[in-house]
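Got a structure for you, written out below as structure tokens; questions coming shortly.
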Amino acid sequence: MSNRTFSEIVAEGGISEVALSVKDPKSGQMQSINLPIIYPTSGPPCIDIKELPKLTGLFTLDVGFTATSSCKSELTYIDGPKGILCHRGYAIDELAAKSTYLEVCYLLLNGVLPRTKRQLQLFEFEVNRRMTVHERLRTFIKGFPDGSHPMSTLVGTVGALSAFYCKQQVKEMSQADRALACIRVIAKLPTIAAMSYRHSIGAPFVYPRKDLSLAGNFLHMCFAPILQGGEFTPPPQAFIDALDVFLILHADHEQNASTSTVRLAGSSEANPFACIASGISSLWGPMHGGANQAVIQQLLEIGDESRIPHFIARAKDKSDPFKLMGFGHRVYRTLDPRAREMKRLALKCIETRQAMDAAENEEDAFITSKFPVGAMSADESTPRQNDLHRLFQLAIKLEETALNDEYFVKRKLFPNVDFYSGLALAAMHIPLSMFTPLFALGRAVGWVAQWKEYIDDPTRKIGRPRQLYIGPKPRPFPTIEERELATSASKAAASRPRFTEQASFTMRAKRSSIDDDAPAYGYFF
């Protein structure tokens, strides 16, 4: 008897379909249907179930879409068990070491690398000149309350781009129109994110420069000094290089929560800026784009190596809701391939910051997150300069402890990209409130590339998942008089002296715990 698994047999090829059988308990007869198998260029084959409802009247249930491929894509390939991540066939570690963010953007959007330096330069020029935004967007952003979180401003403003740059229906857009929309998203997100940050602290907006890269422009627009009469102070090259690699590592990651949101919104033929705004909204959650911020806050909470065993024990305690942030991934079952490069970047940024601290009193030093005015100061929870190296050593010790613990090894809970990315950003003095917007900047190209791929697919359909309904069965509708009568009967029964004083107190306590601001007609009971 063969001990090979189902996937091993199918992976060899030559099998075009699988059978689904059911035995009729009344007649004893077997009924079978055949479902086709679709083979990819890399990765496990898929069972095509689109005809399943038609053939059987049944649907599949896959909460969280953990076993469902929602589309065909040529953009990104992930092999979770082996820790492989490729964009258009190129490994992420090679791209991070040899490429630039805008070159990766070109690759994702066009399917090939630029053939010549001139071709890449023309693409970079096109992105750079599109970084400016309509002047009325300045007024739009200033309309947000003082101290607004940059993500709230970012998601609102990106959605508003459709009023300025999208005058036609998606189905009416030519390939050139779609390409221009993609370029505008990549180019304008850094400017909007920087404006959102400066608005949150009450600082004046700064325009992009044609002599800076996308990463350099972002740092300049966020942290250009206010009190130097407009004199340009270039960001440290080490920070520009590190931020560029950070953006590469976040460029695309297959069908994650925010990317799937963009595709689902795009399936209705919503305009591209609305689709990207939906992706930003999905990214905002702490289980997605906000994880690196949670890692920093967690390291600050741990504080010292002596407290690591306590937090490891809490993470292993099923009765404790505590989660060790930065460990584990829905797809990867080994070390996240992006985490290795991010760990190196974090150390490089910390060393650069320490060298800068030695020259902090220099008049022309590039200073971030130290504005002399503003409605909201930089995050109080952002690590101080002398904390960075300590937190880095604490992170290394936490990683070492977890990887030597059977609980984490058995469950394949390894460090992911968020574990060290927060330290790299903190070393640049980028405040915690800007961690998720920076994630959005990097992921922008992935979103627009996925959107364009989906829109260009002639076989696309509007997304419409099914559900397993577990609500009430069909029932008659009672009139309001019948409901009042039933309520009176219930109150009469409840007023009988069968409740203990303790039970009655519990009922009052539950009712009094309702929000005092609730409307009188208001909650679902």
Next on the checklist: Under 4.0 Å between a side-chain nitrogen and a carboxylate oxygen: does that hold for Glu269 and Arg460?
Outcome noted: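 Yes.
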Item to check | Leu161 side chain near Cys166 side chain, heavy-atom distance below 4.5 Å | outcome: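 A side-chain contact under 4.5 Å is absent here.
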Item to check | Carboxylate-amine/guanidinium contact Glu406 Lys410, below 4.0 Å | outcome: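 No, this pair does not count.
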Checklist entry - Among Arg443, His87, Gln450, which residue meets the side-chain hydrogen bond (donor to acceptor under 3.5 Å, both in side chains) test with Asp252? => result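 Among Arg443, His87, Gln450, the one meeting side-chain hydrogen bond (donor to acceptor under 3.5 Å, both in side chains) with Asp252 is Gln450.
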Checklist entry - Quick one: salt bridge (charged side-chain N to carboxylate O under 4.0 Å, His left out) partners of Asp457, sequence neighbours excluded? => result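 With sequence neighbours excluded, Asp457 shows a salt bridge (charged side-chain N to carboxylate O under 4.0 Å, His left out) to no residue whatsoever.
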Checklist entry - Should Ser200 and Thr153 count as side-chain neighbours, where that means a heavy-atom distance under 4.5 Å? => result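 No, too far: nothing below the 4.5 Å cut-off.
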Next on the checklist: Using the rule salt bridge (charged side-chain N to carboxylate O under 4.0 Å, His left out), only one of Glu103, Glu94, Glu74 pairs with Arg88; which is it?
Outcome noted: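 For Arg88, the salt bridge (charged side-chain N to carboxylate O under 4.0 Å, His left out) check succeeds only for Glu74.
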Checklist entry - Without hydrogens or angle criteria, can the side chains of Gln31 and Asp24 be said to hold a donor-acceptor pair below 3.5 Å? => result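 No, no side-chain donor-acceptor contact under 3.5 Å.
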Next on the checklist: So does Ala313 get a backbone contact from the side chain of Tyr407, meaning a donor-acceptor N/O pair under 3.5 Å?
Outcome noted: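 Not at all, since once roles are kept as given, no pair shorter than 3.5 Å links the two residues.
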Next on the checklist: With no hydrogens and no angle check, just 3.5 Å: does a side-chain donor-acceptor pair link Ser73 and Glu453?
Outcome noted: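 Judged by distance alone, the side chains do pair up.
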Item to check | Pi-cation contact, Phe164 with Lys188 (under 6.0 Å, within 45°) | outcome: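 Relative to the ring axis of Phe164, which defines the angle, Lys188 lies outside at least one limit.
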Next on the checklist: Is the ring pair Phe419/Phe327 parallel, tilted or perpendicular, if the boundaries are 30 and 60 degrees?
Outcome noted: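 Plane angle over 60°, so perpendicular.
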